[in-house]
Amino acid sequence: MLQEQFQILNHINDYLWSFVVISLLVFCALYFTFRIKGVQFRLLGDMLKIIVERPIRRTSVAVDSSSREGVKKIGSFQAFAVSLSSRVGTGNLAGVASAIFVGGPGAVFWMWMMALFGAATAFVEATLAQLYKKKGEDSFYGGPAYYMKHGLHRKWMGVLFAVLITITFGMANQIVQSNTLCDALADTFDIKTQWIGAVLTIATLIIIFGGIRRISHFASIVVPFMAIGYVLIAIVVILLHIDQIPSMLMLIVKNAFGLDAAAGGTIGMAVMQGVKRGLFSNEAGEGSAPNAAAIAHTSHPVKQGLLQSLGVFTDTLVVCSCTAFIILLSGLYDDGHDGIILTKYALESHIGQVGGLFITAAIFLFAYSTIIANYFYGETNIRFITRKPAYIQAFRIITGITVMAGSLLSLQEAWSIVDLAMGIMTLVNLAAIIQLSPKVFALLRNYLQQRSEGHDPTFRRSMLPGTEQDIECWE
């Protein structure tokens, strides 16, 4: 009976993604890239400068409300790390493997395309999150629910999104993260997944009861370490098979356009899997990363928008590509393995048993940090609906329960739940940012003008006439 229900869920997901979500994602990615004139490509230098900026201090111009004593300073890099810790997770290892398993090597090409143009969507939503952020007791907070309420003046839409993201990230997404982590550890150490799930649940609760400052500190340490380590091991694999790179790239391109169906998948399946798993991995347009973008102290909203574009590139063009190359160069992508097990066996085929141990360690760090960041997204949006502490405490307990549930379900069952929740949530967010995008275009013009005059761009809400009453920060 349960299996039949998941089959029905898969059919619903196929229709939702085939006819609605993918079309709107592609439209927004292309439209925003055109309107901002490819700023995600033009300002790469600015992104690298911004990432090392220190949180702004109390100066004569309190452009970011940082003079408020109760607000602790979380810098651009820490906010970037929180969002990256959600982006760089099981989607990079298990998600890419599942995309290749179902859609063939061509799915990788469509992942790349969505990253290149979807970075513009990430820029828009993150800039809006900074513009409409709020002052909290511990730090700033914000996200799509807040720009829907204060930018569009539609509280009902914000509440709907808050419920959807809480379900998607606070519950459904946690199941995939936990499932992948538990499968990897169980396969390596021959331990029952439910025991691993119990330990993971306890470790998760310890962190999330500490608050966002502990989360941001944890992410800023763990994420760079795990991402750099994984990229280095992938470079070793690429160097060992450097002569096979041209044929592998040709395989990806041919399969992406249905010219090499023998490699697995069809063009339609390649597109769908590439976009779905790419979105799950880099989250551009989904509405999740803006929750992390809102917490940063920065002198101009556009700066955090640029960093979120950089996060999309880092996630998909770098980390996802590492997984794809490891799998495709191994030749095991059509041997019947799926998810993290496929990635694990592929790396073992290249560098021996140490590869399996490395993947196990990497997926532990990737999935665990993602579980923590996902919890933060859920808490931020529960606070949008209600400020009662009892609801936050209840959500923390629910997070523990869903992490445990992930150790008991199969991978494809977990994906079915996530795909439906993610698709609906994405549609609501895209509808909002399309309507609010003119404000982002105005902010970008302001940023570029100050930059051309040789200034470090700063923003005050008076620079955006007609919206001052909707913006709480940026005095």
* Short side-chain to backbone donor-acceptor contact, S309 and A119, under 3.5 Å -> yes
* What are the two closest heavy atoms between N255 and G104, and how far apart are they? -> OD1-C, 3.4 Å
* Asked: Quick check: does any side chain N or O of N291 sit under 3.5 Å from a backbone N or O of S288, one acting as donor and the other as acceptor?
  -> yes
* 4.5 Å side-chain heavy-atom contact, Y447 and V39 -> no
* Heavy atoms only: give me the nearest I100-A324 pair and the separation to one decimal. => CD1-CA, 4.1 Å
* Could you verify whether a donor N or O on one side chain and an acceptor N or O on the other, from Q450 and R445, lie under 3.5 Å apart? => no
* Asked: Under 30°, 30 to 60°, or over 60°: which ring-plane class applies to F395 and Y375, parallel, tilted or perpendicular?
  -> parallel
* Report yes if the distance between the aromatic ring centroids of F32 and F123 is under 6.0 Å, otherwise no. => no
* Has the side chain of S437 got a donor or acceptor atom that lies under 3.5 Å from a matching backbone atom of I434? -> yes
* To do: State whether a side-chain donor-acceptor pair under 3.5 Å links T298 with Q130.
  => no
* Asked: Under the side chain to side chain donor-acceptor pair (under 3.5 Å) rule, what pairs show up with a residue in residues 106-123, not counting sequence neighbours?
  -> W112-S321
* OG1 on T399 to CG on L205, rounded to 0.5 Å -> 8.0 Å
* **Pairs touching residues 27-48 that satisfy salt bridge (Lys or Arg N to Asp or Glu O under 4.0 Å), sequence neighbours left out** => D46-R451
* Checking side-chain hydrogen bond (donor to acceptor under 3.5 Å, both in side chains) against D456, which of H300, K303, K49 comes through? -> K303
* With no hydrogens and no angle check, do the side chains of Y147 and N429 hold a donor and an acceptor under 3.5 Å apart? -> yes
* Least distance between heavy atoms, A120 atom then A29 atom -> CB-O, 4.2 Å
* **Contacts of Q393 that satisfy side-chain hydrogen bond (donor to acceptor under 3.5 Å, both in side chains) - sequence neighbours left out** => none
* Distance under 6.0 Å and angle within 45° of ring axis: K133 vs F140 -> yes
* Name of the residue among K149, R154, H150 meeting side chain to side chain contact (heavy atoms under 4.5 Å, CB included) with L152 -> R154
* What's the shortest heavy-atom distance between G287 and E125, and which atoms? -> N-OE1, 3.4 Å
* Do E379 and R396 sit within salt-bridge range, that is, some charged N less than 4.0 Å from a carboxylate O? -> yes
* F313 backbone acceptor or donor facing T316 side chain under 3.5 Å -> no
* Asked: Any side-chain heavy-atom pair from Q304 and L307 closer than 4.5 angstrom?
  -> yes
